[in-house]
Protein chains: 2
Amino acid sequence: MANESSYKDKKVITIGIVKELTGLSERQIRYYEERKLIFPDRTPGGSRRYSFADVEQLVEIANKIEDGVQTYEIRQEMIREKKRTDEEAHKKMIQGQLNARFGVRKY
Amino acid sequence: MANESSYKDKKVITIGIVKELTGLSERQIRYYEERKLIFPDRTPGGSRRYSFADVEQLVEIANKIEDGVQTYEIRQEMIREKKRTDEEAHKKMIQGQLNARFGVRKY
DNA sequence: CGTGTAAGGAATTCTGACACG
DNA sequence: CGTGTAAGGAATTCTGACACG
């Protein structure tokens, strides 16, 4: 649920292409980064590189803003969502360890 | 077998990233294009854009060249391979039309 | 044949700031 | 708050050519 697509998460897209793909302006794309909603990689030279997942994220962000949601709120949502998935992953890992030591109980 | 990955075939990667991803020089990447082994898109400004599929193709090409295969031969192989898959697709399409008109015979 | 390189120019991207509201 | 824009510079990419072999 995080690493099944080797392409989707690779940071290889320049801001110019992201602009084409999303229809957003460079200004918007950079601003959402400033507000910590998106996290592109950087080349050694300092240019931003986005993944397809980032592109999709940007579209979602833009939609919410169009609906009047502020960047701060969007960020809070993202943090809550991350916490939820992290806890879920943690729970699964613990369960995996239990299964490894005491055997898997299928049902 | 050609459009199941929406990411793999999108031409969004600059030559600089392709260089990193493949370990090839820009010179090599451009040369393989000159020899019609690879077909990047272009931005309005003229910059090349590659897909992940292109990146994989480039690695294969580079391996063959290392093995002493000439670009001309690699190109011939590619043409033969394309012909084969095209014929296969054509055959499937004809069969599909027959099935549509006369019903599908499962076995 | 396949690849390196120096050359000059054009396209791309970057940051910080001013503006509006 | 979110976005546009002009400014100046730096990084990226482009082409055509000379070189080697």
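Here is the naming used below: chain letters follow the sequence lines, and residue numbers restart at 1 for every chain.
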Output the residues of residues 58-70 of chain B in contact with DNA chain D, where contact means a heavy atom of the residue under 4.0 Å from an atom of the strand; sort by number or write none. none

So does B:Tyr31 get a side-chain nitrogen or oxygen closer than 4.0 Å to the phosphate oxygens (OP1/OP2) of C:dG2? yes

Atom CD1 of A:Ile15 and atom P of D:dT13: how far apart are they, to the nearest Å? 15 Å

Apply the side-chain hydrogen bond (donor to acceptor under 3.5 Å, both in side chains) test between B:Asp54 and each candidate in B:Lys11, B:Arg48, B:Lys8; give the one that qualifies. B:Lys11

D:dC14, C:dT12, D:dT3: which one has an atom nearest the side-chain heavy atoms of B:Arg48? D:dC14

B:Arg30 CZ - D:dG16 P separation (whole Å): 12 Å

Find the distance A:Tyr50:OH to C:dT12:C1' and express it as a whole number of Å. 13 Å

Figure out the CD/P separation between B:Glu20 and D:dT13, and round it to whole Å. 9 Å

Heavy atoms from C-beta onward define the side chain here; which of D:dT3, C:dG2, C:dC14 lies closest to that of B:Thr71? C:dG2

For a quick test of reading the model: is some side-chain N or O of A:Tyr32 closer than 4.0 Å to OP1 or OP2 of D:dT3? yes

Atom pair distance, as rounded to whole Å: CD1 in B:Ile17 and P in C:dT13: 11 Å

Residue-phosphate contact under 4.0 Å: B:Arg42 side-chain N/O, D:dT15 OP1/OP2: yes

For a quick test of reading the model: is some side-chain N or O of A:Ser47 closer than 4.0 Å to OP1 or OP2 of C:dT12? no

Between B:Glu34 and B:Thr43, which residue's closest nucleotide on DNA chain C lies nearer the 5′ terminus? B:Glu34

Would you kindly compare B:Tyr72 and A:Gly46 by the position of their nearest DNA chain C nucleotide and give the one closer to the 5′ end? B:Tyr72

Hey, which of these two, A:Glu26 or B:Arg27, hits DNA chain D nearer its 5' end, going by closest nucleotide? A:Glu26

Trace of the salt bridge (charged side-chain N to carboxylate O under 4.0 Å, His left out) decision for B:Glu88 with B:Lys91: CA-CA 5 Å; B:Glu88 200 171 284; B:Lys91 192 176 135 197; over 6 Å; no

Secondary-structure string, 5' to 3', Watson-Crick or G-U under 3.5 Å, | for another-strand partners, for DNA chain D: .||||.||.|.|.||.||||.

When rounded to whole Å, the CG to C1' distance for the pair A:Leu24 and D:dT3 reads 11 Å

Could you tell me whether B:Glu81 and B:Arg84 make a salt bridge, using a distance below 4.0 angstrom between a side-chain N and a carboxylate O? yes

N/O (side chain, A:Ser25) to phosphate O (OP1/OP2, D:dG4) under 4.0 Å: yes

A:Arg49 CZ to D:dT13 C1': how many Å, rounded? 11 Å

Send over the distance from B:Ile13 CD1 to C:dT12 C1', rounded to a whole Å. 17 Å

